[in-house]
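Okay, so here's the structure we're looking at.
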Amino acid sequence: MSTTATARPNTSSPSRLAGTLPKVGIRPAIDGRRGGVRESLEGQTMAMARQAARLISQNLRHACGAPVQCVIADTCIGGVAESAAAADKFAREGVGVSLTVSPCWCYGSETMDMDPLMPKAIWGFNGTERPGAVYLAAVLAAHNQKGLPAFSIYGRDVQDAKDKDIPADVQEKILRFVRAGIAAATMRGKSYLSLGNMSMGIAGSQVDPAFFERFLGVRVEHVDMVEFIRRIERGIFDPDEFAKAIQWVRKNCREGKDYNAPDMQLSAEQKARAWEWSVKMAIIARDMMIGNPRLEELGFAEEAMGHNAIAGGFQGQRQWTDHLPNGDFMEAILCSSFDWNGIREPFVFATENDSLNGAAMLFGHLLTGTAQVFADVRTYWSPAAVKRVTGYDLTGPAAGGLIHLVNSGAAALDGCGRQKIDGQPAMKPFWQISKAEVRECLDATSWHSAVTGYFRGGGFSSHFVTAGGMPVTMSRVNLVAGIGPVLQIAEGWTHDLPEKVHKTLDERTDPTWPTTWFAPRLTGSGAFRDGYTVMNAWGANHGAFSYGHIGADLIALASILRIPVCMHNVPAEQVFRPSAWTAFGTADPEGADYRACSNFGPLYGRK
């Protein structure tokens with residue numbers, strides 16, 4: 001179920017943003033020699049292309065829920081002319097990712113994809129009748145020599161020429177590459193909408209256009225927070241939608257305890273006003289991100305356009321929140337998979353305008369289609385500290401300690417973990433979420449009057465406790481002088497604590513904020529020796545987590561964008577990067593990643 005027409009300016013596409021959804025171009029490469037050689041291979045080669053297209057279309061969706069479409073070249077590609085014809089067709093069809101398939105020897109530099117911006121991979125059939133592996137090696141050498149990195153896909157086991165099945169290991173690599181490639185292609189040409197500026201001296205909210213433009217292909221749009229006031233005071237929002245939204249909020253958003261001292265509590269009238277401002281802010285932020293055709297009907301044609309923003313962030317503290325209701329409700333509801341219009345694709349919207357955490361959220365969302373949870377990486381609780389304070393012994397995945405993830409009042413409601421997969425807590429793509437699961441998430445969340453010591457202008461903060469047992473991946477982009485962007489990844493699980501233990505630990509911070517107890521998967525070495533080393537190595541005060549262990553997909557995406565990964569706990573056998581990375585050293589994959597990314601430079605800009 002998608003959002004209503006009032007929030008969908010691009011009605012010709014399942015996406016709510018301008019532009020078509022990127023497709024996957026399948027390039028069947030063949031030995032071009034006529035007189036029996038090519039003719040004997042046409043059927044097998046085109047069958048590989050159809051197999052790959054079927055695998056992709058049946059298993060992958062865009063973040064907006066639409067199935068990923070494939071475009072197959074009209075003919076097998078045996079030379080430059082057919083390569084050019086395929087490129088022309090792909091340009092017309094909106095192809096953003098390239099997969100070359102072949103069971104045989106081909107002329108490498110004549111059949112290769114030469115587009116410097118398109119993520120690319122080659123699947124060479126592992127068979128003995130024809131040397132598909134020889135072509136794969138030869139064309140990858142050409143890619144590397146020309147500075148056009150490509151992923152290598154080659155099955156572990158030999159297949160017979162008539163085998164119509166794609167081996168499991170090949171399927172995994174094709175799908176991982178396409179997920180990462182589609183994510184990269186989807187970002188290109190979109191915007192990051194910076195609402196406000198730097199929040200409380202947080203470096204990530206100093207939005208760096210060069211990073212977004214050169215590495216992600218995303219432009220940065222800056223809008224002053226006074227635009228919210230202008231639109232509220234001049235009625236530049238849909239009044240019918242506001243009436244619907246405020247009624248939905250009054251029915252579904254349960255108010256919790258006001259933890260402010262009695263003399264610091266707002267009156268009922270002030271709280272009602274704060275709710276109205278909070279709802280209007282959410283509507284207006286969405287309108288500024290993706291546009292709203294209803295505004296044109298109301299006489300606001302320019303505002304109806306929006307900024308084509310695939311992600312955004314709100315400064316809030318302190319210039320706004322010292323005077324007006326905070327952005328917690330806006331941030332939480334936009335990042336969730338539902339609102340008063342029903343179940344819909346979550347937005348990527350960063351608290352405190354931390355655009356680098358927003359970038360990590362964007363990566364996770366595009367790879368999974370799920371809501372992303374923004375959080376403070378707040379506290380490391382060692383087993384000894386938990387025992388001292390509560391008398392409780394941490395065991396199982398938490399035996400190495402827990403990291404307390406708690407955002408200052410705003411997090412996607414999906415993060416409570418009340419959705420289910422096979423009966424277990426989960427965060428699902430919006431197209432799999434039921435109305436009953438929306439109800440569960442709403443019931444698990446309480447909304448507390450903002451603590452006026454932090455938020456003098458009032459507002460409401462969301463509170464829930466994430467259900468334990470969910471596999472999650474926390475990530476973060478950092479900018480480092482002399483290096484550029486780096487990506488951090490930590491796979492692990494959410495964890496349940498006994499109620500009394502949780503309450504004792506949680507109330508030492510702020511009981512009005514959403515809490516997740518995170519147990520990273522430990523390896524016994526490096527940054528993942530124990531929970532303390534993970535916390536100590538984390539590069540900033542914020543992180544974002546996504547449902548599932550998606551570290552391998554993040555690594556593949558980072559390599560496409562030329563962003564080195566500075567820490568991760570992904571098993572070595574799952575790491576998948578372009579074949580050129582092996583030329584930078586095989587004994588130290590982490591160092592090789594840095595060297596390769598530095599050598600090839602950002603995808604959309606010179607080094």
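These numbers come from the heavy atoms of this one structure, side chains and all, not from hydrogens, waters or symmetry mates.
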Of the non-hydrogen atoms in [X] and [Y], which two are nearest, and what is the gap between them?
X: I550; Y: G364; value: CD1-CA, 4.2 Å
X: M427; Y: A371; value: CE-O, 3.2 Å
X: C335; Y: Q372; value: CB-O, 4.3 Å
X: Y604; Y: E213; value: CB-O, 3.4 Å
X: F211; Y: P485; value: CE1-CB, 3.6 Å
X: M289; Y: A311; value: CE-C, 3.7 Å

If you measure from [atom1] on [X] to [atom2] on [Y], what distance do you get to the nearest 0.5 Å?
X: N326; Y: E331; atom1: CG; atom2: CD; result: 7.5 Å
X: L21; Y: C64; atom1: CG; atom2: SG; result: 4.5 Å
X: C416; Y: D443; atom1: SG; atom2: CG; result: 9.5 Å
X: L17; Y: H307; atom1: CG; atom2: NE2; result: 13.0 Å
X: W431; Y: R344; atom1: CH2; atom2: CZ; result: 14.0 Å
X: R286; Y: I290; atom1: CZ; atom2: CD1; result: 6.0 Å

My understanding is that only residues two or more places apart in sequence, or in another chain, count here; which of them pass ring pair (Phe, Tyr, Trp, His ring centres under 6.0 Å) with [X]?
X: F338; result: none
X: F177; result: F151
X: F300; result: none
X: H495; result: none

Scan the side chains in residues 551-560 for donor-acceptor partners under 3.5 Å anywhere in the protein, sequence neighbours excluded, and list what turns up.
| unit_1 | atom_1 | unit_2 | atom_2 | d |
| --- | --- | --- | --- | --- |
| D553 | OD1 | R176 | NE | 2.7 |
| D553 | OD1 | R179 | NH2 | 3.4 |
| D553 | OD2 | R179 | NE | 2.9 |
| S559 | OG | A556 | O | 2.7 |

Any pair counted as salt bridge (Lys or Arg N to Asp or Glu O under 4.0 Å), so long as it reaches [range], sequence neighbours left out:
range: residues 52-71; answer: none
range: residues 404-432; answer: K428-E437
range: residues 316-326; answer: R318-D322, D322-R456

Steps toward side chain to side chain contact (heavy atoms under 4.5 Å, CB included) verdict (H549, V570): CA-CA 9 Å; H549 288 160; V570 177; over 6 Å; no
Validation row: [X], [Y] side chains within 4.5 angstrom (heavy atoms):
X: L324; Y: M225; result: no
X: V348; Y: I310; result: no
X: T351; Y: N407; result: yes
X: V71; Y: I26; result: no
X: Y547; Y: T368; result: no
X: I182; Y: L366; result: no
X: T445; Y: R254; result: no
X: F242; Y: F237; result: yes

With sequence neighbours excluded, residues passing salt bridge (Lys or Arg N to Asp or Glu O under 4.0 Å) with E227: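 Applying salt bridge (Lys or Arg N to Asp or Glu O under 4.0 Å) to E227 gives R230, R231.
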CA sep, side-chain torsions, deciding dist, call: E352, H542, side chain to side chain donor-acceptor pair (under 3.5 Å): CA-CA 10 Å; E352 293 159 1; H542 292 148; 3.1 Å; yes
Can you tell me if [X] uses its side chain to pair, donor with acceptor, with the backbone of [Y] under 3.5 Å?
X: D354; Y: A350; result: no
X: D224; Y: V226; result: yes
X: S355; Y: G204; result: yes
X: S57; Y: V68; result: yes
X: N59; Y: L55; result: yes
X: H568; Y: Q488; result: no
X: N292; Y: D287; result: no
X: Q315; Y: N197; result: yes

Criterion side chain to side chain contact (heavy atoms under 4.5 Å, CB included) on H222 and V220, from CA distance to verdict: CA-CA 7 Å; H222 293 275; V220 174; 3.4 Å; yes
Option passing ring pair (Phe, Tyr, Trp, His ring centres under 6.0 Å) with F314 (candidates F349, F374, W320):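 Per the ring pair (Phe, Tyr, Trp, His ring centres under 6.0 Å) rule, the option paired with F314 is W320, out of F349, F374, W320.
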Contact list for residues 181-196, test side-chain hydrogen bond (donor to acceptor under 3.5 Å, both in side chains), sequence neighbours left out: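 Output for this query lists Y192-N353, S194-N353.
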Side-chain H-bond candidate by donor/acceptor type, E241 with N341, under 3.5 Å: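 On atom types as modelled, these side chains qualify, holding a pair under 3.5 Å.
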Could you give the side-chain donor-acceptor pairs of residues 459-470 under 3.5 Å, partners two or more places apart or in another chain?
| unit_1 | atom_1 | unit_2 | atom_2 | d |
| --- | --- | --- | --- | --- |
| S461 | OG | D328 | OD2 | 2.8 |
| S462 | OG | G409 | O | 3.0 |
| H463 | ND1 | P511 | O | 3.2 |
| H463 | ND1 | W513 | O | 2.7 |
| T466 | OG1 | G415 | O | 2.8 |
| T466 | OG1 | T515 | O | 3.4 |
| T466 | OG1 | T516 | OG1 | 2.6 |

Criterion side chain to side chain contact (heavy atoms under 4.5 Å, CB included) on L487 and I489, from CA distance to verdict: CA-CA 7 Å; L487 179 65; I489 299 168; 3.9 Å; yes
Please list, one pair per line, the donor and acceptor atoms closer than 3.5 Å that link side chains of residues 272-283 to other protein atoms, with sequence neighbours excluded.
| unit_1 | atom_1 | unit_2 | atom_2 | d |
| --- | --- | --- | --- | --- |
| W275 | NE1 | E255 | OE2 | 3.0 |
| S278 | OG | A274 | O | 2.8 |

Parallel, tilted or perpendicular: ring planes of Y259 versus H448, cut at 30 and 60 degrees: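 Ring orientation, 0 to 90° scale: tilted.
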Side chain to side chain contact (heavy atoms under 4.5 Å, CB included) assessment of F363 paired with V477: CA-CA 10 Å; F363 296 168; V477 174; 3.9 Å; yes
Axial cation check for F347 ring with R16, 6.0 Å and 45° limits: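 Geometry flag: set, cation within 6.0 Å and 45°.
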